[in-house]
Amino acid sequence: MATPVDPGRRGLLGAAVGLGLAGILPRMAGASHHRENDAMAEADLILRNARITTLDPRHPDVSALAVRDGLVIAIGDDAEVMRHAGAHTRVIDGEGRRAIPGLHDSHTHLIRGGLNYNMELRWDGVRSLADAMAMLRAQVDRTPAPQWVRVVGGFTEHQFAEKRLPTLEEINAVAPETPVFILHLYDRALLNRAALRAVGYGKDTPNPPGGEIQRDADGEPTGLLLAKPNALILYATLAAGPTLPYEYQINSTRHFMRELNRLGVTSVIDAGGGFQNYPDDYRIIEELAAQKQLTVRIAYNLFTQNKGRELEDFQRWTSLVTPGQGDAMFKHNGAGEMLVFSAADFEDFREPRPELPESLEGDLKAVVRHLAEHRWPFRIHATYDQSIGRILDVYEEVDRDVSFAGLPWIIDHAETISERNIERVKALGGGIAIQHRMAYQGEYFVARYGAEAAARTPPVKRMVEMGVPVGAGTDATRVASYNPWVALSWLTTGRTVGGLALYGDDNLLGREQALRLWTEGSAWFSSDVGRKGRLSVGQYADFALLSADYFAVDDARIADIESVLTVVGGTVMHGAGGYASQAPGLPPPMPDWSPVAHYGGYQGITLHQAVGVFANAHAHAHGAACHVHGHRHAALRAPLPVDDERSFFGALGCSCFAF
């Protein structure tokens with residue numbers, strides 16, 4: 001069957017320039033189907049009978065590839081690649097499925113997310129509030145004291161059919177005694193009365209700077225915490241909850257990595273995070289790396305934790321670790337995303353753009369000069385063009401004294417960056433890491449700034465056209481889901497998870513171009529250009545065999561894609577369905593009450609699958625189907641029955657979860 005033509009495909013030079021890779025083309029152009037030394041080498045693994053998108057412009061579509069010692073040694077048709085089969089070669093039949101290079105998230109928070117994954121109830125992908133609340137009720141019933149039930153980001157109220165969050169009354173009704181903490185993006189948190197008692201918030205608790213504890217007429221906290229716009233109150237409250245013991249954090253991190261593998265992710269860049277101290281909070285991931293138990297390649301950045309003493313953090317860390325220190329699975333990647341607190345412009349689009357303090361320039365100049373002198377790559381969180389302009393003023397000043405030449409540096413997020421500032425980033429040799437935060441906050445942005453402004457927020461297509469390096473990611477796990485297919489859907493359709501169309505053709509990417517940002521584009525951001533991002537001879541054998549053909553499915557189904565087989569460095573890390581036996585085993589989630597043991601992670605599954613999953617959650621008297629309203633609750637990825645009022649559960653949602 002012929003490969004569908006992607007209207008977004010461009011010529012080799014255009015694609016390379018758009019990713020900032022033009023400089024490596026001459027070196028790569030001389031490669032052949034096989035490495036000469038390996039022309040007849042016996043492969044460790046062969047994938048055959050597949051529809052492989054290599055992103056190698058010389059051989060863009062092949063049916064087979066061979067792997068030896070973790071690298072691709074041959075690509076081509078089945079017959080020529082099978083010449084590498086030997087007595088010990090594992091041969092995998094792709095059954096005609098689409099295979100792609102492994103996905104590479106250029107900005108996420110895997111290390112922090114892994115420590116907590118087994119404790120968190122994920123509402124990522126859940127399509128109705130009724131189902132979300134049913135999950136919450138069931139988890140409350142199985143969670144022992146003094147543990148909390150936590151829903152920690154990765155969702156938006158707009159994804160729900162009801163288009164709203166639960167009320168505090170609804171949360172208190174299902175959880176009168178068990179503390180419940182629900183984080184919605186980085187704009188608010190909902191705490192039930194038990195959680196307020198657990199953290200000690202009362203009438204006399206003051207509001208922290210940049211945050212608000214909402215109160216009733218008597219001055220008592222209601223349970224609603226608001227970022228205005230500083231999110232410190234949200235993650236400081238979350239940090240007050242119980243943590244998992246060391247052994248459980250090991251298990252939790254392994255499960256989170258395997259969840260990413262399930263979605264085709266083979267590499268990430270960890271951007272640090274608040275309350276993620278180095279080296280203390282890196283001991284789990286370092287042990288997993290030492291024990292060869294990582295299933296995702298990780299490049300990690302270090303995020304300052306001490307407001308007013310940021311330079312001291314980086315002075316200490318530059319004496320402890322060097323960029324690139326580690327190996328192909330786990331290595332240091334530089335500084336950020338927080339370089340100085342005075343430059344942090346939180347992206348709560350429900351609130352006005354924050355005015356950054358006058359101290360920004362002096363604070364940032366000292367840190368960036370130190371990093372440049374020590375040749376540490378760095379990245380910085382910057383949402384708004386006004387912030388980016390001030391940051392670039394500092395960078396240009398430092399560059400005049402300590403050259404940035406050859407030093408990778410990154411602007412993260414850049415939702416409202418102007419064309420002029422894109423030019424300045426390119427001139428200084430930087431890159432821009434973009435994420436699908438607008439897929440979760442687009443409705444709020446439109447409400448505040450208008451649809452016209454949203455249509456170029458962020459201006460991804462213009463970044464690519466101007467030739468600045470661009471890498472894609474998620475910023476998971478709090479402000480957006482870790483699911484890369486939701487991000488790929490947003491890049492190619494321009495729609496939020498709530499269905500709002502944000503972009504016209506002038507800011508939409510073709511499917512191949514979007515995939516490039518998620519593969520070879522992101523490789524620039526971990527200094528891995530030429531090593532990963534393509535299924536080319538000599539590059540890492542990282543790939544995913546997909547549940548559906550990314551290049552052929554309808555737009556509405558892109559976000560539902562998963563991997564049925566994920567391979568990292570020639571080793572199978574994940575298998576599903578007929579490929580399940582190919583993957584290594586994984587111990588059950590710990591503790592046994594973990595939401596992961598009952599629901600897994602991202603909930604983007606079919607209606608047929610969801611009915612079974614949610615039957616237990618809806619184990620009230622009238623069973624999995626609601627005979628009062630005449631619907632099934634599992635509306636996750638199925639079209640909503642809006643023309644059947646007996647089946648549609650209305651603007652306020654079904655209240656079955658309360659019983």
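Start at 1 with the first residue, then count along the sequence.
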Does the ring center of Phe330 lie less than 6.0 Å from the ring center of Tyr282? no
Begin with the C-alpha distance, continue with both residues' side-chain angles, and end with the deciding distance and a verdict on side chain to side chain donor-acceptor pair (under 3.5 Å) for Ser526 and Asp528. CA-CA 5 Å; Ser526 59; Asp528 283 314; 2.7 Å; yes
Glu512 with Arg516: basic N within carboxylate O range, under 4.0 Å: yes
Backbone N or O of Asp69 within a donor-acceptor pair of the Asp44 side chain at under 3.5 Å? yes
Using a distance-only test with no angle check, is there a side-chain donor-acceptor pair under 3.5 angstrom linking Thr318 and His370? yes
Hey, does the side chain of Ser252 reach the backbone of Gly114 with a donor-acceptor pair shorter than 3.5 angstrom? yes
Using a 3.5 Å distance criterion without hydrogens, assess whether the side chain of Asp327 forms a donor-acceptor pair with backbone atoms of Lys331. no
Any side-chain donor paired with an acceptor under 3.5 Å for Asp124 and Asn483? no
With side chains defined as the heavy atoms from C-beta onward, is the minimum distance between Pro595 and Arg122 less than 4.5 Å? no
Does Phe314 have its ring centroid less than 6.0 Å away from the ring centroid of Phe378? no
Do Tyr599 and Gln139 pair up side chain to side chain, a donor and an acceptor below 3.5 Å, judged on atom types alone? no
I want to check something: taking the side chain as every heavy atom from C-beta on, are Arg97 and Tyr579 in contact at a cut-off of under 4.5 Å? yes
Any side-chain heavy atom of Ile269 sitting closer than 4.5 Å to one from Asn301? yes
Result for side-chain contact (heavy atoms from CB on, under 4.5 Å) between Gln249 and one of Leu288, Asp281, Leu244 points to Leu244
For the pair Trp317 and His374, evaluate ring-ring contact (aromatic ring centres under 6.0 Å, His included) and give the outcome as yes or no after the intermediate values. CA-CA 11 Å; Trp317 292 336; His374 287 78; over 10 Å; no
Within-4.5 Å side-chain heavy-atom neighbours: Tyr602 and Val486: yes
Tell me, do Ile298 and Leu110 make a side-chain contact under 4.5 Å, heavy atoms counted? yes
Is it true that Glu259 and Arg262 make a salt bridge, defined as a side-chain N closer than 4.0 Å to a carboxylate O? yes
Tell me, do Phe543 and Leu65 make a side-chain contact under 4.5 Å, heavy atoms counted? yes
Assess, by modelled atom type and distance only, whether the side chains of Arg478 and His109 contain a donor and an acceptor separated by less than 3.5 Å. no
Are Phe346 and Tyr186, when compared by the centres of their aromatic rings, separated by less than 6.0 Å? no
Distance to the ring centre below 6.0 angstrom and angle to the axis at most 45 degrees; does that hold for Arg379 and Phe525? no
Note: Asn251 and Pro589 closest approach over all heavy atoms is OD1-CA, 3.4 Å
Can you find a pair of side-chain heavy atoms, one from Val470 and one from Ile434, that are under 4.5 Å apart? yes
Less than 4.0 Å between a side-chain N and a carboxylate O, is that true for Lys532 and Asp542? no
If only side-chain N and O atoms count, and only distance matters, is there a donor-acceptor pair under 3.5 Å linking Asp412 with His381? no
Is there a donor-acceptor pair closer than 3.5 Å between any side-chain N or O of Asn118 and the backbone N or O of Met590? yes
Does the side chain of His84 come within less than 4.5 Å of Thr89's, by heavy atoms? no
Just checking, is any N or O donor in the side chain of Glu347 or His413 under 3.5 Å from an acceptor N or O on the other one? no
